[in-house]
Amino acid sequence: MKKAVLEVENLVVQYGQISAVQGVNLTVNENELVTVIGANGAGKTSTLNAMMGLVPAASGEIRYKGESLLHMPVEKRPSMGIAFSPEGRRVFGPLSVRDNLRVGGNSLPASQVDGRIDEMVERFPILGERLQQAAGTLSGGEQQMLAIARALMISPDFLILDEPSLGLAPIVVAQVFELIAELHAEGVAILLVEQNVRKSLAIADRAYVMELGRFVREGAADELAADPSIENSYLGAA
Amino acid sequence: MDLFLQFLVSVLSLGGVYALLALGLSTVFGLLGFLNFAHGDLMTICGYGLYFMLAAGFGFVPAATLALALAALAAVLMERLAFRPLRGRNPMTLLITSFALSLALHVSFQIFISPKPKPIPVPEFLSGYFTIGEIFISRAQVIAIVVSVLSLVLLNLFVNRTRLGVALRAAAADFDVARAFGVKANQVIAIAFALSGLLAGLAALVWISQRGAVFPTMGLTPMVKALIAVIIGGLSNPRGALLGGFMLGLLEAGFLFTLPDSLVLYRDALVLLVLILFLMFRPNGLIATNPEPMR
């Protein structure tokens with residue numbers, strides 16, 4: 001039996017009268033790559049934002065390594081080992097690449113930050129060439145790499161990735177998925193929210209399919225990938 | 001050449017003070033998305049602090065240091081008591097709160113201190129003139145330039161080199177994401193206010209050393225100038241505030257040096273006219289990065 005890193009029970013997220021997330025249950029185990037797939041507006045990002053504490057949960061429970069996250073301030077998460085790469089990358093545009101990484105390492109002891117930045121540069125050579133450049137001037141793919149590198153600064157136990165392939169050129173999308181698979185192989189527990197269903201199912205262990213605020217399917221990623229109904233709704237005829 | 005040097009000193013000494021004030025305004029605006037109209041009153045608080053410390057027998061330099069600390073503390077308290085309970089509300093609510101706070105402070109100064117100006121004896125090293133060759137330059141102006149340039153350099157070092165400074169800039173760029181990386185919201189907001197109080201205090205010291213008095217609405221005029229500066233330069237980024245401050249200094253000194261004596265009186269009106277033109281043609285300021293501030 002694998003140990004659960006993240007457990008979500010009956011999570012409900014509401015914006016005024018509108019329920020964006022209507023009672024979802026989700027588990028991510030140690031060393032596991034779990035993907036949540038679904039169309040735009042299905043409630044994927046709201047689910048993640050509730051986990052991060054960026055939007056309040058109306059009801060339900062979110063536990064990380066057994067500890068409830070519901071009333072935990074957002075800023076406590078990195079010191080618990082949770083890292084986040086938000087939808088739309090949201091790098092700190094006016095800050096240099098180096099400063100973005102420094103903020104990523106904000107919860108590390110100050111003496112470790114420079115060493116970690118060096119390790120990130122080794123992993124992402126393109127960032128090393130642009131350490132002094134303002135992050136807002138990077139290309140979309142470079143910004144995505146920076147967003148992930150920024151999240152990796154704390155050597156997280158659990159990584160939340162929100163639509164990392166959104167708006168990227170196909171060759172860059174392939175690089176991003178390759179990187180996620182690599183991180184998975186290194187043992188990081190990952191929750192990946194994606195619209196690129198085919199690619200995320202290909203690298204994930206398990207998957208949840210979200211529609212209109214609910215999970216309508218869940219199972220092993222390879223089984224879902226082979227399922228004709230998933231193929232028809234999400235993968236198209238191709 | 002002499003005239004040019006005097007002109008330059010005027011531009012830098014006026015602009016420096018405006019830049020200090022404008023930077024304080026934009027530091028808070030960048031983080032919380034509202035203009036703190038009580039910012040000018042932090043100058044007044046610093047002024048009264050200086051007045052009372054001097055009256056208590058402190059020397060000028062220790063009194064000024066304590067007054068600066070008082071301004072920073074007052075700014076932090078302002079946030080704690082007035083703005084924090086309203087955090088996350090519409091910026092308009094915060095703006096109106098700052099108006100109310102400013103009025104309350106004016107009235108309190110009038111009731112509890114005095115409606116009349118209190119004289120502040122300016123020490124000798126701040127008064128009088130330097131002579132460079134044939135020309136006279138007031139010491140107060142030179143000190144104004146030194147203080148503002150030094151403060152700007154230190155501020156720049158703080159926000160670029162220190163962990164807290166970088167966190168502050170990250171929070172101004174994207175508050176939620178910065179928090180997700182462990183940047184503590186209350187801490188950076190308190191630091192932003194402390195910085196704005198410190199900058200207002202420095203501006204107050206320079207302002208007072210040229211005028212020698214403090215009174216309840218002392219902060220009003222410089223506050224309006226700072227507002228003009230941030231509108232010219234661009235509200236949401238420090239570089240714009242800096243540029244706006246010095247541009248305003250250039251405008252004022254320009255009018256002062258070029259207008260005939262009979263028209264110098266209308267200097268402020270002309271500055272406001274230029275402001276109207278800015279609002280018509282560059283409503284986002286000279287440097288319009290305009291990132292959506294996080295609330």
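- Residues A:Lys44 and A:Asp162 are not paired through a salt bridge, judged by the lack of any N-O separation under 4.0 Å between the basic side chain and the carboxylate.
- Ranked by non-hydrogen atom pairs under 4.5 Å with chain B, the options A:Gly105, A:Ala110, A:Gly93 are led by A:Ala110.
- Aromatic rings from B:Phe181 and A:Phe84 are positioned such that their centres are separated by 6.0 Å or more.
- The contact between A:Val113 and chain B is made entirely by side chain atoms (from C-beta outward), counting heavy-atom distances below 4.5 Å.
- Both the backbone and the side chain of A:Leu108 come within contact range of chain B, judged by heavy atoms closer than 4.5 Å.
- Interface remark: B:Arg161 contributes backbone atoms only to the contact with chain A (heavy atom separation under 4.5 Å).
- No other option in A:Pro73, A:Ser107, A:Gly104 has as many heavy-atom pairs under 4.5 Å with chain B as A:Gly104.
- Looking at A:Arg102, the atoms closer than 4.5 Å to chain B (heavy atoms on both sides) all sit in the side chain, from C-beta outward.
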Start with the C-alpha distance between A:Glu7 and A:Tyr64, add both sets of side-chain angles, then the distance that settles side chain to side chain donor-acceptor pair (under 3.5 Å), and finish with yes or no.
CA-CA 7 Å; A:Glu7 297 159 287; A:Tyr64 175 73; over 6 Å; no

Any chance you could lay out the side chain to side chain donor-acceptor pair (under 3.5 Å) test for A:Gln132 and A:Ser96, step after step, and finish with the verdict?
CA-CA 5 Å; A:Gln132 304 310 325; A:Ser96 67; 4.9 Å; no

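- In this structure, A:Arg150 satisfies the cation-pi test against A:Phe92, with its NZ or CZ atom closer than 6.0 Å to the six-membered ring centre and inside 45 degrees of the ring normal.
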Side chain to side chain donor-acceptor pair (under 3.5 Å) between B:Arg87 and B:Asn186: does it pass, once the steps are laid out?
CA-CA 10 Å; B:Arg87 192 169 311 154; B:Asn186 287 339; 2.8 Å; yes

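- Each of A:Asn106, A:Ile154, A:Val103, A:Val91 has some count of heavy-atom pairs under 4.5 Å with chain B, and the biggest count is that of A:Asn106.
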